[in-house]
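These notes concern the structure reproduced below.
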Amino acid sequence: MTLKDLAIGESARILKTGGNGELRQHFLDMGVIPGTVVTKVKLAPMGDPIEFDVNGYELTMRLCDAKKIEVTKEEETQAEKALKANQNDHNKTIHPGLGEDGKFHAKGDGNPLPDGTLLTYALVGNQNSGKTTLFNQLTGSNQHVGNFPGVTVDRKDGEIRGQQNTLVTDLPGIYSMSPYSSEEIISRNFVLNEKPRGIINIVDATNIHRNLYLTMQLLEMDIPMVVALNMMDEVTGNGGSIDVNKMEELLGVPVIPISAAKNQGVDELIKHAVHVAHFQEKPLRQDFCDENDSGGAVHRALHAVIHLIQDHAVKAGIPVRFAASKLLEGDKRILYQLDLDVNEKEILEHISLQMENERGLDRSAAIADMRYSYIKNVCSQTVRKPKESRERIRSQKIDTLLTGKYTAIPFFLLIMTLVFFLTFNVIGAFFQGLLEKGIEGLTGLVDSGLSAIGTNGVLHALIIDGIFTGVGSVLSFLPIIVTLFFFLSLLEDSGYIARVAFVMDTLLRKIGLSGRSIVPLLIGFGCTVPAVMSTRILPSERDRKMTILLTPFMSCTAKLPIFAFFTAAFFPKHGGLIMTGLYIFGIIAGIVAAFIYRKTLFKGEPVPFVMELPNYRLPSPKNVGQLLWEKAKDFLERAFTVIFIATIVIWFLQSFDLQLNYIEDSSQSILAKIASLFEPLMKPIGLGDWRICTSLISGVMAKESVVSTLEILFEGGVSKVLSSMAAASLLIFSLLYSPCIAAIASVKRELGSKWAAALVLWQCAVAWLCAFLVYSLGNLFI
Ligand code: GDP
Ligand code: MG
């Protein structure tokens, strides 16, 4: 029987973790190993993926993967029962309390690094363990955001507050040092190659089993390290406790109980972190395999390999214990880096086979099992488990609604509608109004100032009509973007986005994406700029690119004035129908495009869907504030350079003729001349008029300006000149053609100029084709 076949609420023991490659390794790393008890919690409303409980946390995976996990409901063996009884012993330890300054960690003072050496730290931990919260506490506001070289994954660095010559880097959340996603590769390479002076390992104490799995691997890196035991407020709040001193002894590194959200224990954490890095105090033990553990097969194999490869590991600069356990797991990259000769490779294979035979598990499972056995041992000696935590019970209650079979999708729509309503009609609109007033006032002020000092007319026009109007119109996006990100970060940090992905996965999978992409796509209906920026929550590069390329198909709110104007003028009786139709047309075009992308640019599968559903938690205001500040700065900095130049260029083209005379009559402008070049191209779709082409070009600056430009150029008579089929064609064309300059700038930021340029051309081609179809079919029938 497999995990898939279990009934809801039923528990069973894992017999075999099937599958292969990195995905399987990932399952093992997450604790899905033979012997572990799992409970099926529920299916997503659309029947796939499945949610189950393992080691006290909730994991999701697709049915096709769940089929590969064999389980049994047979009785446990005597030994397993004994182990369990041991774990359930609730009265073994007492909690030593926060901030005892570490009884175990006798701070030595040998071998200090020279004064003034930069102490670099890697902040490593599982997703949702509170990394961002801790990072913000550690660094305060001295942080800078960039990208890791070669990839668009955020890299945040910052100095620890009050500690000169320190630099913490916030790494992407990872579950293991086996490279599974591109993010895990970044984190692993950072620790392996950049050789930080210290590691701050953040561990979610409410989910300590799985979190310590990464800790065990980090200890093997032989880098000075401290463990920050986060979320202690929840553990103690629910009557649990952790014997920190004992845990330090068992792990051989300082363990500091903290609550990042409440800023408790962070000062002590800093003290230990600075100390171990300054004096280069390495972990006291790395040897976690036990000769008495299941016959000691893994222990013997590991030590044999350690001796076998010692010289190679030293030469390659890889910590030897880490290299050995990776080799036994079957890690190809490490094998390649170590450059073993044929004989050694053969011996390695023999050792691995011998271990598999003796242990009765395949190599990856055997290693994972060895680590989890040690963790069980550590936990049984140190952790007094809280009863069922309040947060967990609360989360389960919320989830009966938010991921419930019949309620999930209605609630999702409700929440998104609320977000949109508040953003576009209430909060965002309010600030937008304020900002517009401010800009207007400032423009007026500068205008009269320029007149007063008698500035040259052209310069005056450049500043007022060009820069102020153009940049101002883009600037008014800012409140909307910030408000959308405010809600988005609430949803993300609270844990809801993970649920959305769980609920929507089946749907999105049909077009080759995974559940998480639904969020950027939905935001696209508001504004493409934050939609593109928000694709950073997607775990895979492929999914991210594909999602970005699909966002322009989701009609943004700036196109509404165009739709409203033309439907009112041409199809007054069917206004609502036409508007809805346009949105649906966009979505269908997007789905078709997704199929095309999938067959051409993005072959291969969407990322496998193995995801943790964390307990719902209240986001910290500091995190949210930091994120908003980052996004606003990002938008202003990056987009502005492009937008500023583009504004001036468009203004120039509009205001000068080919002889570079400043003109009043817009039909003589360079822009009009350029636009008239497009006339023949636009003729087949009924839009072969330079004035329409001009307004569409100005629409690239901001979609709102299409209508106003048309009105100016046609002197208010556009609805009399166009046929209704041409109007329909114009609607379709503006629905699909190039996104506005602010959106293009965001795409350029995420994917580079080539992709941005290709996207513009591609969208124009798609728009032309669709408009052509509508126009010619329409003319045929009407
Ligand atoms: P990351 O995914 O590791 O970066 O985790 P975040 O820093 O985004 O934190 C995830 C959630 O846990 C957020 O809602 C935080 O507010 C919350 N959180 C972080 N640290 C603590 C803590 O010490 N106690 C509690 N109760 N919640 C926390
Ligand atoms: Mg985070």
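Order of appearance sets the numbers: ligands from 1, and atoms from 1 within every ligand.
Ser129 counts as a contact of ligand 1, since one of its heavy atoms falls under 4.0 Å from the ligand. Under the 4.0 angstrom criterion for non-hydrogen atoms, Gly125 is not in contact with ligand 1.
In Glu234, the part holding a heavy atom less than 4.0 Å from any atom of ligand 1 is the side chain. When non-hydrogen atoms are compared, ligand 1 lies under 4.0 Å from the backbone of Thr133 as well as from its side chain. Under 4.0 angstrom from ligand 1, the non-hydrogen atoms of Asp493 come from both its backbone and its side chain. The residue Ile258 has no part lying near ligand 1, judged by heavy-atom distances below 4.0 Å.
For the residue pair Glu234 and Asn238, no side-chain donor N or O sits within less than 3.5 Å of a side-chain acceptor on the partner. Gln381 and Asn377 share a side-chain donor-acceptor pair at under 3.5 Å. Side-chain atoms of Thr132 and Asn623 include no donor-acceptor pair closer than 3.5 Å. Side chains of Ser514 and Asp505: a donor-acceptor N/O pair is absent below 3.5 angstrom, by distance only. Inspection of the Glu391 and Thr206 side chains reveals no N or O donor paired with an N or O acceptor under 3.5 Å.
Those atoms of ligand 1 with a heavy atom of Lys131 less than 4.0 angstrom away are 1 (P), 3 (O), 4 (O), 5 (O), 7 (O). Within ligand 1, counting atoms from 1 as listed, the ones closer than 4.0 Å to a heavy atom of Ser620 are 16 (O). Using a 4.0 Å cut-off to heavy atoms of Ser259, the atoms of ligand 1 that qualify are 22 (C), 23 (O), 24 (N). Remark: ligand 1 atoms within the under-4.0 Å shell around heavy atoms of Asn623 are 7 (O), 8 (O). Within the listing of ligand 1, atoms 1 (P), 2 (O), 3 (O), 5 (O) sit less than 4.0 angstrom from a heavy atom of Asn128. Less than 4.0 angstrom separates some heavy atom of Pro619 from each of these atoms of ligand 1: 14 (O), 16 (O).
With respect to Asp157, the side-chain hydrogen bond (donor to acceptor under 3.5 Å, both in side chains) criterion is satisfied by exactly one of Thr139, Thr169, Thr120: Thr169. When Lys40, Arg392, Arg210 are each tested for a salt bridge (charged side-chain N to carboxylate O under 4.0 Å, His left out) with Asp53, only one passes: Arg392.
A search for salt bridge (charged side-chain N to carboxylate O under 4.0 Å, His left out) contacts involving Arg394 returns nothing, not counting sequence neighbours.
For the pair Met232 and ligand 1, the shortest N or O to N or O distance does not fall below 3.5 Å.
With Asn126, Asn230, Leu134, Leu627 as candidates, the residue nearest to atom 23 (O) of ligand 1 on a non-hydrogen basis is Asn230. Which of Leu490, Asp233, Thr132 comes nearest to atom 25 (C) of ligand 1 through a heavy atom is settled by distance: it is Asp233. Scanning Gln137, Met231, Glu391, Gln264 for the heavy atom closest to atom 18 (N) of ligand 1 points to Met231.
Annotation for Phe431: atom CZ does not count as buried by contact number, only 12 or fewer foreign heavy atoms lying within 6.0 Å.
Interatomic distance, CD of Glu159 versus CG of Leu138, reported as 12.0 Å (0.5 Å rounding).
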